[in-house]
There are 2 protein chains.
Amino acid sequence: MDAVLDEAAGKRARGLDRAFEILDFLREKRQALKPNEIAAQIGAPRSSVYELVNLLLRNGILEFTGGEGRVYLGRKLYFLGAAYENHFDFTRECEAALERLADETRETAQFCMLDGNKYTVVRMREGARPFRISTDVGQSVPIPWTASGRVLVSHMTDAEILAFIPPQDFQLPSGEWLDPATFLAEVRAAEGDGHFTFNSIVDSFTHCFAVPVMGDAGHAVATLCLVAPRADGLANREQYLACLKDAARRLGGHAPAQAKRA
Amino acid sequence: MDAVLDEAAGKRARGLDRAFEILDFLREKRQALKPNEIAAQIGAPRSSVYELVNLLLRNGILEFTGGEGRVYLGRKLYFLGAAYENHFDFTRECEAALERLADETRETAQFCMLDGNKYTVVRMREGARPFRISTDVGQSVPIPWTASGRVLVSHMTDAEILAFIPPQDFQLPSGEWLDPATFLAEVRAAEGDGHFTFNSIVDSFTHCFAVPVMGDAGHAVATLCLVAPRADGLANREQYLACLKDAARRLGGHAPAQAKRA
DNA sequence: ATCATATGTACATTATATTGGACATTGACG
DNA sequence: CGTCAATGTCCAATATAATGTACATATGAT
């Protein structure tokens, strides 16, 4: 995550940071790995990784699976995640919103959030004519690659945004570099309009729509998106935007559930 | 968790263990707390807790919520938990199994697992006549209090079981102490029968049924349960058990999804 | 047989993380 | 006003965690 190049070289890493680096890495890989492989691939000392993996195994944060001593994310993480989901109870309404969006538009609908300084699809509802969607649920994607990315950072200042997004994330999958100034202009447009749409820069045949879901703090905590074939998206642009904004308004209407007093 | 009384006194705690102790504590409380409150309630040094909380906040493992500097489990945990759920893809089939059980029996059906050395309800489907269920989804409960508890530890030896379950967990909610020998006998009965049923010892009006869901390793990784009014449960005992075993067989039939090779 | 690679374990060293305690701030309450 | 409790910050001391290195074993290629 924030460890692409860890600070300066030569420093010792803190156990906790290393541990979550391991967890994030396993999530990204989406498969069980041997401690040795983890160490090699994240560039951490083997002895440290073995130590941490054993600690995490003892805590149920990691589990042996896949044989050969391979480890993957553990049950405890599921329980903790379920507690989060239960507290900020967005899932049920979110599913309903996606369902309705998919019904009304027949397009693929997504609910997206930031994961640290990346963009990620939290939930997705396939449209009527499913095509190969470029990003799967749970994958971390550079913010500048997506329409939602513009919306999700629009509450920050330009300086904050540039400090927040890793510079290398402005390199698009095609290899081209997106000018940060262009990106910032699009962010400001999204802020003003309350939505952002563009022809996807990840693939060459879709048009993407993103609108903010407002949270307590008065800025976007998530987005609702549609991914449509280009012709289709352009033809129905106004209808699609209206559907999205309506759905987002309902989702964001009430505060994301304060802690229920015991 | 394993920190009810931390090893010997006078030792320093490892940051990682302390961190997960904080996470588990927040999950148990199911509400946002101030760092100061956390420190006081888990009996950890305030300076350590502040340090760790800040680290966890920076990683997205904790989040500010509820105002006044209170923190609760963070979005990152949701993402990690979702990755676990996705990998061991039990959710969809689990929901279906509970749905069918509830349809066939009209009773409350649960899917339960161990969380460390406690029992927890992972998913629940309310029955036709909902009554006050004593344990909510996600709450940690002593293993000896539940029918599922007998099933979930039945692959261990007697010695392993006694080492595994915290001694104080043999004290029932009524205050009475359950004789470990009695418990072990019930575990062995459960092992032989492939199920366990009893009048709940948590309340005085339900009868509980538990059957194992078998995993790769050849032992129970979870249970399917029914919670019925006592008269009802006794009257339909055989039918309920048949339903449960059928559902559990389908769930456990195939291995819990090896890692998909990349 | 010999070498190279992948994997896991053991241990001493030292950089540093955990901790206790001092300090500052706030609000409640008499 | 003074006092007490709750809360957050800062810092030095030292127990220890992260690391490098050596070692052990297995596997496969040459």
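Just so it is clear, the values below take in all heavy atoms, side chains as well, and ignore hydrogens, waters and symmetry mates. Here is the naming used below: chain letters follow the sequence lines, and residue numbers restart at 1 for every chain.
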Exercise for the section: Please work out which of the three classes, parallel, tilted or perpendicular, describes the rings of A:F170 and A:F183, given edges at 30° and 60°. Expected result: perpendicular
Practice task
Give me the ring orientation class for A:F20 and B:F20: parallel if the planes are under 30° apart, tilted from 30 to 60°, perpendicular past 60°.
Solution key: tilted
Fill in the blank from the handout: Once base and sugar-phosphate atoms are separated, protein heavy atoms under 4.0 Å mark nucleotides 4-13 of chain D, 5' to 3', with B, S and - as --SBBBB---
Less than 3.5 Å apart, which donor and acceptor atoms pair up between the side chains of residues 149-157 of chain A and the rest of the protein, not counting sequence neighbours?
unit_1: A:R150; atom_1: NE; unit_2: A:E186; atom_2: OE1; d: 2.8
unit_1: A:R150; atom_1: NH1; unit_2: A:P144; atom_2: O; d: 2.6
unit_1: A:R150; atom_1: NH1; unit_2: A:T146; atom_2: O; d: 2.9
unit_1: A:R150; atom_1: NH2; unit_2: A:P144; atom_2: O; d: 3.4
unit_1: A:R150; atom_1: NH2; unit_2: A:E186; atom_2: OE1; d: 2.7
unit_1: A:S154; atom_1: OG; unit_2: A:V151; atom_2: O; d: 2.9
unit_1: A:T157; atom_1: OG1; unit_2: A:E160; atom_2: N; d: 3.1

Mind calculating the distance between [atom1] ([X]) and [atom2] ([N]) to the nearest angstrom?
X     : N      : atom1 : atom2 : value
A:R18 : D:dG20 : CZ    : C1'   : 13 Å
B:E51 : C:dA17 : CD    : C1'   : 7 Å
A:D17 : C:dT16 : CG    : P     : 13 Å
B:L55 : C:dT19 : CG    : P     : 13 Å
A:L33 : C:dA6  : CG    : P     : 15 Å
B:I42 : C:dT18 : CD1   : C1'   : 13 Å
A:L56 : D:dA18 : CG    : C1'   : 14 Å

Practice task
To the nearest 0.5 angstrom, please state how far the CD atom of B:E28 sits from the CZ atom of B:F25.
Solution key: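 Going from the CD atom of B:E28 to the CZ atom of B:F25 covers 7.0 Å.
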Handout entry: Phosphate OP1/OP2 of C:dT18 contacted by A:R14 side-chain N/O (<4.0 Å)
Key =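 Indeed, a polar side-chain atom of A:R14 lies that close.
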Problem - B:C112 versus B:Y119, closest heavy-atom pair with distance - result: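 Smallest heavy-atom distance, with atoms named: SG-OH, 3.2 Å.
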Problem - Exercise: identify the closest heavy-atom pair between B:L56 and B:L23 - result: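 Minimum heavy-atom separation between B:L56 and B:L23: CD1-CD2, 4.3 Å.
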